[in-house]
Amino acid sequence: MNIITNQLTDLNIKYDFTRIAPLEDILFIDIETTGFSPASSILYMIGCAYWDGATFTCKQFFAEKLEEEPEILKTFLNSVRKYKVLIHFNGNNFDIPYIEQKCDHYGISCSLSKMVGIDLYKRIAPYKNFLKIPNCKQKTIELYLGIDRKDIMSGGELINVYQEYVSRFDVDALSRLLLHNSDDIKGMIEICPVLAYSELFNSTLTVSKVSMDRVTDMQGSEKVELVMKIKLPVPFPSPISHSACDCVFTGSGEEGLLKVPVYEGELKYFYANYRDYYYLPAEDEAMHKSVAGFVDKEHRKQATAATCYTRVRSLFLPEWDLRFTPFFKSDYQSKDIYLEITPERKRDRAFFSDYASHVLSYISSLN
């Protein structure tokens with residue numbers, strides 16, 4: 001077994017790791033294997049990185065022979081017991097279960113499950129479309145953030161390289177194996193700023209400024225749009241622009257801007273208990289029977305679900321999951337729902353912060 005230790009002095013760190021935990025509690029991990037199944041493949045390297053007080057140090061536990069697999073497992077696990085937070089990339093699906101199954105096979109106690117796990121892949125994968133990236137592979141995210149790596153090989157290609165090494169202990173093969181693993185770990189540390197995008201959806205937003213602007217669209221029609229300036233929970237490492245449902249979000253640095261179309265006109269509020277209402281055709285609205293009972297029978301009808309409404313002329317904002325009530329529609333069958341911009345809401349900054357979260361969550365979920 002060989003243990004290779006190097007300081008990662010050329011790291012470009014742009015993330016405040018104390019948002020996760022104290023630096024001395026954090027451990028990054030990445031493994032290299034000869035296959036996907038623990039039952040039919042070998043774990044030949046466990047790479048990790050930790051804060052040494054000045055920078056991150058990369059330590060690689062390398063099996064120079066196939067039979068050294070249990071030795072690197074024991075040595076690695078004994079050396080990382082003090083860490084409390086484990087950061088990895090897709091480790092929930094591969095690295096952690098692989099190590100646990102190997103430990104179970106050899107009767108080795110595994111403490112990784114006791115650590116707080118942060119899977120960078122799972123944190124960012126739900127927002128792939130929002131970021132407009134083709135996939136959520138680590139190398140893709142590195143490219144998105146402008147991170148360069150020396151290694152150009154994949155884990156699958158390295159299987160033959162490892163077999164080449166164990167057959168004749170080729171120094172060049174060893175260098176390629178170590179470089180791939182260290183670049184994966186280094187890249188993992190450097191892509192942590194991508195967590196800023198997931199925090200946009202999982203933190204309480206602060207809308208710092210609100211305005212209602214009249215704009216002219218491409219067809220020359222005048223419309224109203226709500227413009228919200230948002231203080232981002234964490235600065236974005238790279239500018240972003242995303243649009244859906246006529247809503248537009250742009251974000252750069254510490255500030256985001258969200259524009260939402262405003263419906264100006266008349267919509268209907270539908271009462272749920274329509275059996276308690278009469279519909280008045282002349283007024284084109286429903287009235288509770290306690291009042292409408294005095295209306296001449298010729299001028300009233302039993303209300304139905306589709307006619308049990310009152311009409312409201314105002315300014316409205318779109319919503320998608322009944323987060324805000326009461327809600328309004330153009331007609332009973334319509335799937336589009338709206339909330340009214342009441343005088344009270346215009347003065348309520350907390351409402352706009354909540355509404356901004358609602359809009360962003362919805363438009364980010366669309367393909």
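In what follows, residues are counted from 1 in the order of the sequence shown.
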Could you walk me through whether Leu200 and Phe130 pass the side chain to side chain contact (heavy atoms under 4.5 Å, CB included) check?
CA-CA 11 Å; Leu200 175 67; Phe130 192 76; 4.2 Å; yes
May I ask you to decide if [Y]'s main-chain N or O and [X]'s side chain share a donor-acceptor pair within less than 3.5 Å?
X: Asp119; Y: Asn92; value: yes
X: Asp170; Y: Tyr165; value: no
X: Arg300; Y: Val295; value: yes
X: Lys289; Y: Arg275; value: yes
X: Asp348; Y: Glu344; value: no
X: Asp104; Y: Glu100; value: no
X: Thr325; Y: Phe327; value: no
X: His88; Y: Phe94; value: no
X: Lys329; Y: Ser334; value: yes
X: Thr304; Y: Thr307; value: yes

Transitively linked via ILVMFWY side-chain contacts under 4.5 Å: [X] with [Y]?
X: Phe76; Y: Phe62; value: no
X: Ile3; Y: Ile42; value: no
X: Ile29; Y: Leu77; value: yes
X: Ile159; Y: Ile72; value: no

[atom1] of [X] to [atom2] of [Y]: how many Å apart, nearest 0.5 Å?
X: Ile31; Y: Asp95; atom1: CD1; atom2: CG; value: 4.5 Å
X: Met1; Y: Glu69; atom1: CE; atom2: CD; value: 13.5 Å
X: Lys186; Y: Glu190; atom1: NZ; atom2: CD; value: 3.5 Å
X: Tyr362; Y: Glu319; atom1: OH; atom2: CD; value: 12.0 Å
X: Ile87; Y: Met115; atom1: CD1; atom2: CE; value: 9.5 Å
X: Gln60; Y: Leu174; atom1: CD; atom2: CG; value: 9.0 Å

Tell me which donor-acceptor pairs under 3.5 Å the side chains of residues 43-55 have, and how far apart each pair is, sequence neighbours excluded?
unit_1 : atom_1 : unit_2 : atom_2 : d
Asp52  : OD1    : Ala54  : N      : 2.9
Asp52  : OD1    : Thr55  : N      : 2.7
Asp52  : OD2    : Gln7   : NE2    : 2.7
Asp52  : OD2    : Thr57  : OG1    : 2.8
Thr55  : OG1    : Leu8   : O      : 3.1

Side chain to side chain contact (heavy atoms under 4.5 Å, CB included) between Met188 and Gln138: does it pass, once the steps are laid out?
CA-CA 8 Å; Met188 203 183 305; Gln138 181 173 327; 4.2 Å; yes
Determine whether [X] and [Y] make a side-chain contact, defined as any pair of heavy atoms from C-beta on separated by less than 4.5 Å.
X: Thr310; Y: Lys268; answer: no
X: Leu27; Y: Val85; answer: no
X: Leu158; Y: Val161; answer: yes
X: Tyr162; Y: Thr34; answer: yes
X: Val194; Y: Leu120; answer: no
X: Glu24; Y: Lys82; answer: no
X: Asp30; Y: Asn181; answer: yes
X: Ser182; Y: Ile185; answer: no

Residues Tyr279, Tyr277; criterion ring pair (Phe, Tyr, Trp, His ring centres under 6.0 Å); working and verdict
CA-CA 7 Å; Tyr279 173 66; Tyr277 285 80; over 10 Å; no
Does the pair [X]/[Y] count as a salt bridge with the N-to-O cut at 4.0 Å?
X: Glu255; Y: Lys209; result: no
X: Glu254; Y: Lys231; result: no
X: Glu340; Y: Arg345; result: no
X: Asp213; Y: Lys259; result: no

One pair to check against salt bridge (charged side-chain N to carboxylate O under 4.0 Å, His left out): Glu71 and Lys65. What are the steps and the verdict?
CA-CA 10 Å; Glu71 187 178 356; Lys65 301 176 183 178; over 6 Å; no
Would the number of heavy atoms belonging to other residues, nucleotides or ligands and lying under 6.0 Å from [atom1] of [X] be above 12?
X: Phe169; atom1: CZ; answer: yes
X: Asp148; atom1: CG; answer: no
X: Tyr106; atom1: OH; answer: yes

Aromatic ring pairing Phe351/Tyr355, orientation class (parallel under 30°, perpendicular over 60°, tilted between):
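Aromatic pair Phe351/Tyr355 classed parallel.
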With sequence neighbours excluded, tell me which residues meet salt bridge (Lys or Arg N to Asp or Glu O under 4.0 Å) with Glu298.
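Partners of Glu298 by the salt bridge (Lys or Arg N to Asp or Glu O under 4.0 Å) criterion come out as none, since no residue qualifies.
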So, using salt bridge (Lys or Arg N to Asp or Glu O under 4.0 Å) as the criterion, who are the partners of Arg311 when residues are at least two apart?
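With neighbours one apart ignored, the set is Glu266, Asp284.
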For residues 234-253, which side-chain donor-acceptor pairs fall under 3.5 Å, sequence neighbours excluded?
unit_1 : atom_1 : unit_2 : atom_2 : d
His242 : NE2    : Ile363 : O      : 3.2

Taking atom types as modelled, is there a side-chain donor on Tyr98 or Ser41 under 3.5 Å from an acceptor on the other?
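Present: a donor and an acceptor within the cut-off.
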Side-chain donor-acceptor pair present, His180, Asp184, cut-off under 3.5 Å
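Yes, because at least one side-chain N or O of His180 sits under 3.5 Å from a partner of the opposite role on Asp184.
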Non-neighbouring partners of Pro326 that pass side-chain contact (heavy atoms from CB on, under 4.5 Å), sequence neighbours left out
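For Pro326 the side-chain contact (heavy atoms from CB on, under 4.5 Å) partners, ignoring immediate neighbours, are Tyr269, Phe328.
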Partner set under side-chain contact (heavy atoms from CB on, under 4.5 Å) for Leu315, not counting sequence neighbours:
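With neighbours one apart ignored, the set is Met212, Val262, Glu264, Ile341.
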Using the rule given for side chain to side chain contact (heavy atoms under 4.5 Å, CB included), can you reason through Leu178 versus Asn6, listing the C-alpha separation, both sets of side-chain angles and the distance that settles it, and then say yes or no?
CA-CA 11 Å; Leu178 295 175; Asn6 291 294; over 6 Å; no
Please assess Phe56 against Phe28 for the test ring pair (Phe, Tyr, Trp, His ring centres under 6.0 Å), listing each intermediate value before the final yes or no.
CA-CA 10 Å; Phe56 281 97; Phe28 289 84; 5.7 Å; yes
Decide yes or no on side chain to side chain contact (heavy atoms under 4.5 Å, CB included) for Lys132 and Asn129, but give the supporting numbers first.
CA-CA 5 Å; Lys132 300 176 183 176; Asn129 295 325; over 6 Å; no
Looking at the rings of Tyr127 and Tyr197, which for Trp means the six-membered one, are their centres under 6.0 Å apart?
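They do not qualify: ring centres at least 6.0 Å apart.
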